[in-house]
Amino acid sequence: MTQALRVIDTGLRSADWNIAMTATLVERRARGEIDDTLRLHRYRPSVLIGHGQTADLVADLGYCRSNGI
């Protein structure tokens, strides 16, 4: 028996949109509301900083400011 695999392309979106979409897909999959999903996506230039990280230690903030990131 084969299981369905959904393939979606959400294109170029902001980092916060992509993170929210990923969280939503994971939650809906865990509840059995959607099939396994392969999602193709791209981010606008961004820096993703983890909860335990400090922005100025993991990113060049001057570069980010100068380049609209």
Query raised in the report: Restricting to pairs with a member in residues 17-42, which pass ring pair (Phe, Tyr, Trp, His ring centres under 6.0 Å), not counting sequence neighbours?
Result: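 Checked against ring pair (Phe, Tyr, Trp, His ring centres under 6.0 Å) - neighbours excluded - the pairs reaching residues 17-42 are His41-Tyr43.
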Query raised in the report: Looking at CG of Leu38 and CG of Leu5, how far apart are the two atoms once the value is rounded to the nearest 0.5 Å?
Result: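 So the gap between those two atoms works out to 6.0 Å.
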Requested in this report: Hey, could you give me the CG/CZ distance between Asp9 and Arg42, rounded to the nearest 0.5 Å?
Outcome: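 Separation between the atoms: 8.0 Å.
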Query - Check: Ile69 main-chain N/O paired with Asn67 side-chain donor or acceptor under 3.5 Å - result: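 No: the side chain of Asn67 does not pair with the backbone of Ile69.
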Which residues pass the side chain to side chain donor-acceptor pair (under 3.5 Å) test with [X], not counting sequence neighbours?
X: Ser14; value: Asp16
X: Arg29; value: Asp36
X: Arg6; value: Thr37
X: Thr22; value: Arg39

**Report entry** Minimum side-chain heavy-atom gap Thr10-Leu40 below 4.5 Å
**Finding:**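 With C-beta onward as the side chain, the pair stays apart.
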Query raised in the report: Going by heavy atoms in the side chains, are Val58 and Ile49 under 4.5 Å from each other?
Result: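 Heavy-atom side-chain distance check passes, below 4.5 Å.
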Query raised in the report: If you group Ile, Leu, Val, Met, Phe, Trp and Tyr by side-chain heavy-atom gaps below 4.5 Å, do Val47 and Ile19 land in one group?
Result: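 As far as the 4.5 Å side-chain criterion goes, Ile19 and Val47 are not connected within one cluster.
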Query - Set of side-chain contact (heavy atoms from CB on, under 4.5 Å) partners for Leu61, sequence neighbours left out - result: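 Only Ala55, Asp56, Ala59, Arg65 meet the side-chain contact (heavy atoms from CB on, under 4.5 Å) criterion with Leu61.
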